[in-house]
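Input: a single structure, listed below in structure tokens.
All of these numbers come straight from a predicted model, not from anything done at the bench. Sequence lines set the chain letters: A, B, ... in the order given, protein chains first and strands last, and positions in each chain run from 1.
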Number of protein chains: 2
Amino acid sequence: MSAPAQVMAVCAALGDETRWQILERLGRADLSASALAEILPLSRQAIAKHLVALEAVGLVESHRAGRELRFRALGAELSATARVLEDIGAAWDRRLAAIKMVAESLGEGE
Amino acid sequence: MSAPAQVMAVCAALGDETRWQILERLGRADLSASALAEILPLSRQAIAKHLVALEAVGLVESHRAGRELRFRALGAELSATARVLEDIGAAWDRRLAAIKMVAESLGEGE
DNA sequence: GTTAACTGCAATCAGATGGTTGCACACACG
DNA sequence: CGTGTGTGCAACCATCTGATTGCAGTTAAC
């Protein structure tokens with residue numbers, strides 16, 4: 001399989017404007033769902049759902065701080081996903097380069 | 001902005017099992033929508049819609065071959081996306097590493 | 001111990017999205 | 001030239017998903 005399910009899941013999680021806004025904040029500071037709800041134009045529950053989705057794919061982790069549940073962005077999963085995509089992209093490009101080489105050699109032969 | 005719209009669009013396109021199946025085939029050979037429909041358990045029109053979406057974000061390009069319209073997977077956009085994700089992930093990890101260092105220095109101070 | 005803040009769950013809703021069928025059109029191919 | 005293969009467009013449908021409101025439960029904080 002060229003695309004592990006995990007990569008697809010991460011991509012699905014990243015295919016949403018709102019989640020990127022959340023991640024942007026969590027990439028700079030640990031924040032609770034309530035804190036995020038004060039910043040973003042969204043209800044706390046909507047944010048909480050997004051956090052569940054992000055945590056499920058490993059883009060975010062949570063830890064308690066007092067009575068708050070704070071979240072932070074994790075770079076590991078994102079980097080791992082990036083490496084897989086890079087490899088796949090490179091493979092596609094190699095195929096195209098090979099096709100191009102064949103076409104050129106045919107052109108020279110004419 | 002930490003996440004350009006293009007990256008989000010590519011991720012959204014990649015957050016679908018069916019589209020990965022299509023890309024997997026197009027990464028190995030140029031195929032038309034009709035050819036893909038014979039391989040995958042989907043109608044030609046469903047596939048055509050996915051191809052429009054994939055072409056819109058630059059993951060795929062089309063070229064005519066006789067009366068067929070063949071598609072191929074492009075690695076460039078995927079690689080570019082991967083690099084952006086890698087950078088963002090690295091930034092998140094740097095922040096966590098900094099936090100960890102502060103925590104450790106505080107621990108030593110005790 | 002009370003209280004208030006933060007979290008979690010359930011029901012509900014509107015809009016986006018993946019998929020299908022049917023038909024019209026066009027142009028290679030014979 | 002005809003013909004049929006491949007494409008494109010439109011209408012339609014089911015489902016998924018992002019979001020909201022309301023309420024109940026915990027627990028830190030005072």
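Nearest nucleotide to the side chain of B:Leu42, out of C:dT7, C:dT20, D:dG8: C:dT20. Out of D:dG18, D:dG4, C:dG19, the shortest distance to the side chain of B:Arg67 is found at D:dG4. When the nucleotides C:dT7, C:dT21, C:dA11 are ranked by their closest atom to the side chain of A:Lys49, C:dA11 comes out on top. Side-chain proximity of A:Ser34 to D:dA29, C:dT20, C:dT7: nearest is C:dT7. In the set C:dC23, C:dA4, C:dG19, the nucleotide with an atom closest to the side chain of B:Ala46 is C:dG19. Ranking D:dG18, D:dG6, D:dA19 by closeness to the B:Glu68 side chain, first place goes to D:dG6.
Salt bridge status for B:Glu68 with B:Arg64: absent, with no side-chain N to carboxylate O gap under 4.0 Å. Between A:Asp30 and A:Arg25 no salt bridge is recorded (no basic side-chain N to carboxylate O distance below 4.0 Å).
B:Arg19 comes within contact range of the sugar-phosphate backbone alone, with a heavy-atom separation under 4.0 Å but no base atom that close.
C:dC25 atom C1' lies 15 Å from atom CG of B:Leu69, rounded to whole Å. For the pair B:Phe71 CZ and D:dG6 P, the computed distance is 14 Å after rounding to whole Å. Here C:dG18 presents its P atom at 12 Å from CE of A:Met8, a figure rounded to the nearest Å. Rounded to an integer number of Å, the gap from A:Gln21 CD to D:dG18 C1' is 13 Å. Between the CD atom of A:Gln45 and the C1' atom of D:dG22 there is a distance of 9 Å, given to the nearest Å. Atom CD1 in B:Ile47 sits roughly 13 Å away from atom C1' in D:dG6 (whole-Å rounding). Atom NE2 in A:His63 sits about 15 Å away from atom P in C:dC6, given to the nearest Å. Atom CG of A:Leu51 and atom P of D:dG18 are 13 Å apart (whole Å).
A sub-4.0 Å separation between OP1 or OP2 of C:dT17 and a side-chain N or O of B:His50 is absent. Using a 4.0 Å cut-off, some side-chain N or O of A:Ser43 falls inside it from OP1 or OP2 of D:dT20. Phosphate contact (OP1/OP2 of D:dG18, side-chain N/O of A:Thr18, threshold under 4.0 Å): absent.
Of the two residues near DNA chain D, A:Asp16 and A:Arg44, the one whose nearest nucleotide lies more 5' is A:Asp16.
Checked by distance alone, B:Arg64 brings no side-chain donor or acceptor within 3.5 Å of a matching partner on the base of D:dG6.
In this structure, CD1 on A:Ile47 lies 8.5 Å from OG on A:Ser34, to the nearest 0.5 angstrom.
Contact detail for A:Ala82 and B:Leu85: the closest heavy-atom pair is CB-CB, 4.0 Å.
A donor-acceptor contact shorter than 3.5 Å is absent between the side chain of B:Glu61 and the backbone of B:Phe71.
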